[in-house]
Amino acid sequence: MALHQQSQSRSPEFAAAIVTLLAAIVTTVVAAFGAGAGGGTSVSAAASGWYAADATPLAPATTAFSIWSVIYVGLFGYAILQLLSSRRGEPRQRAVRPWAIASMVLNALWLWVAQAGWIGASLIVIVVLLAVLCVLFRKLRGSGPRDLWDTVLMDGTFGLYLGWVAVAVVANTASWLGSLGAADWGWPVAVAASVILLVVAAVGVALAVVGGGRLAPGAAKAWGLSWIAVGRLDGADANTAVAVAAGVAAAVIVIGTAVARLRHRRVAA
């Protein structure tokens with residue numbers, strides 16, 4: 001028995017599971033530092049304030065970022081789940097694990113780059129992160145959850161992660177353009193922002209259809225878009241047109257996800 005446990009602990013699956021757990025720990029620590037803990041500079045104060053909630057027409061209100069707490073708890077829970085001896089060798093875990101590790105590394109990298117004030121580089125990193133999460137989402141779709149733990153800690157966590165990052169890419173793009181002086185180029189900013197938000201809604205509905213109406217990605221997108229709407233309702237950066245467009249985009253994603261889910265259930269039945 002002892003020899004069996006020793007050989008199991010040295011298996012490639014065990015090593016990969018340990019790396020995944022370490023990635024989750026490092027990402028969480030870096031995130032805490034990025035929130036200003038331990039003397040770190042908060043992301044909202046970095047890069048001359050271009051990541052702040054009032055920096056651009058597409059910046060979500062501050063409360064929106066509380067979703068990260070849920071995502072980080074979920075990532076840590078997933079890291080524990082995939083470490084269990086009854087789970088670590090499963091095909092689903094082996095398929096997802098490399099992409100999960102990559103997503104956490106990219107997350108930590110984004111925080112470091114953002115705090116360094118490299119807005120263009122941060123945009124590149126978050127776009128790559130979105131691509132990784134799309135692949136991860138596809139891997140999860142390719143194999144159903146084993147039980148409720150799988151549903152919550154894998155499908156739920158990475159669904160929220162994907163949905164939020166999809167909105168964050170838009171916000172990061174706006175920060176980059178703003179830092180380049182886009183607001184001074186004479187563009188009809190409200191119109192451009194509204195069009196972008198409606199495109200995000202269309203992409204969100206398409207993802208809901210492809211994903212069989214998975215709730216987590218749609219919920220995270222709707223959450224982010226709703227807080228963009230809230231952020232444009234008052235203050236120096238108030239913009240009614242953008243607020244309405246963001247609210248409509250959030251509603252479209254909620255309805256599209258619900259319809260896609262009902263359709264998927266009918267087909268499955």
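Only this structure's heavy atoms are used, side chains among them; waters, hydrogens and symmetry mates stay out.
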Peer 1: Under 3.5 Å, is there a donor-acceptor pair between the side chain of Y161 and the main chain of L75?
Peer 2: no
Peer 1: Who passes ring pair (Phe, Tyr, Trp, His ring centres under 6.0 Å) against Y72, sequence neighbours left out?
Peer 2: W68
Peer 1: Please report the interatomic distance OG(S86) to CZ(R146), rounded to the nearest 0.5 Å.
Peer 2: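 The OG atom of S86 sits 5.0 Å away from the CZ atom of R146.
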Peer 1: Give the other cluster members for I101, using side-chain heavy-atom distances under 4.5 Å between Ile, Leu, Val, Met, Phe, Trp and Tyr residues; answer none if it is isolated.
Peer 2: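 Same cluster as I101: V19, V105.
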Peer 1: Filter on side chain to side chain donor-acceptor pair (under 3.5 Å), then keep only pairs touching residues 203-218, sequence neighbours left out; what's left?
Peer 2: D155-R214
Peer 1: By side chain to side chain contact (heavy atoms under 4.5 Å, CB included), which residues pair with V152, not counting sequence neighbours?
Peer 2: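 So V152 forms a side chain to side chain contact (heavy atoms under 4.5 Å, CB included) with L148.
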Peer 1: If you define the side chain from C-beta out and look only at heavy atoms, does anything of L153 sit under 4.5 Å from Q82?
Peer 2: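 Sidechains of Q82 and L153: no contact.
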Peer 1: Between Y78 and F158, does a side chain to side chain contact (heavy atoms under 4.5 Å, CB included) hold up when you go through it step by step?
Peer 2: CA-CA 10 Å; Y78 154 72; F158 290 109; 3.8 Å; yes
Peer 1: Return yes when atom CH2 of W99 has more than 12 non-hydrogen atoms of other residues, nucleotides or ligands closer than 6.0 Å, and no otherwise.
Peer 2: no
Peer 1: Would you indicate whether R138, at its atom CZ, is surrounded by more than 12 heavy atoms from other residues, nucleotides or ligands within a distance under 6.0 Å?
Peer 2: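 No, the 6.0 Å shell around CZ holds no more than 12 heavy atoms from other groups.
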Peer 1: Going only through I, L, V, M, F, W and Y residues with side-chain contacts under 4.5 Å, is there a path from I196 to V252?
Peer 2: no
Peer 1: Looking at residues at least two apart in the chain, or sitting in another chain, which of them share a side chain to side chain contact (heavy atoms under 4.5 Å, CB included) with V254?
Peer 2: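 Per chain and number, V254 pairs via side chain to side chain contact (heavy atoms under 4.5 Å, CB included) with A222.
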Peer 1: Quick one: closest heavy-atom pair of A102 and V132, and the distance?
Peer 2: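 Minimum heavy-atom contact is CB-CG1, 4.1 Å.
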Peer 1: I'd like to know if L130 and L109 are part of one continuous hydrophobic network [Ile/Leu/Val/Met/Phe/Trp/Tyr, side-chain heavy atoms within less than 4.5 Å].
Peer 2: yes
Peer 1: First locate atom OG1 of T240, then atom CG of D234, and finally report the distance between them rounded to the nearest 0.5 Å.
Peer 2: 10.5 Å
Peer 1: For a quick test of your reading: what N or O donor-acceptor pairs under 3.5 Å do the side chains of residues 24-32 make, sequence neighbours left out?
Peer 2:
from, atom 1, to, atom 2, distance (Å)
T27, OG1, A23, O, 2.8
T27, OG1, M104, O, 3.0
T28, OG1, A24, O, 2.8

Peer 1: Please identify each residue that fulfils ring pair (Phe, Tyr, Trp, His ring centres under 6.0 Å) with W112, with sequence neighbours left out.
Peer 2: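 Scan of W112 (ring pair (Phe, Tyr, Trp, His ring centres under 6.0 Å), adjacent residues dropped) gives W118.
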Peer 1: For the side-chain contact (heavy atoms from CB on, under 4.5 Å) test, which of L207, L160, V165 pairs with K221?
Peer 2: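 Single pass found, and it is L207.
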Peer 1: Please tell me if the side chains of R266 and L262 come closer than 4.5 Å, counting only heavy atoms from C-beta onward.
Peer 2: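 Yes, close enough: below the 4.5 Å cut-off.
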Peer 1: Mind checking whether L225 and V203 sit in one hydrophobic cluster, side chains of I, L, V, M, F, W, Y counted as touching below 4.5 Å?
Peer 2: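 No.
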Peer 1: Under 3.5 Å, which donor-acceptor pairs do the side chains of residues 58-66 form with other protein atoms, sequence neighbours left out?
Peer 2:
from, atom 1, to, atom 2, distance (Å)
S66, OG, T63, O, 2.7

Peer 1: By side chain to side chain donor-acceptor pair (under 3.5 Å), which residues pair with Q93, not counting sequence neighbours?
Peer 2: none
Peer 1: In chain order, what residues pass the side chain to side chain contact (heavy atoms under 4.5 Å, CB included) check against V73, with sequence neighbours excluded?
Peer 2: none
Peer 1: Please report the closest heavy-atom contact between V96 and L136, naming both atoms and the distance.
Peer 2: CG1-CD2, 4.0 Å
Peer 1: Who are the side chain to side chain contact (heavy atoms under 4.5 Å, CB included) partners of S122, not counting sequence neighbours?
Peer 2: Y51, W110, V113, I119, N172
Peer 1: Applying ring-ring contact (aromatic ring centres under 6.0 Å, His included), which residue pairs with at least one partner in residues 207-236 are found, sequence neighbours left out?
Peer 2: W223-W227
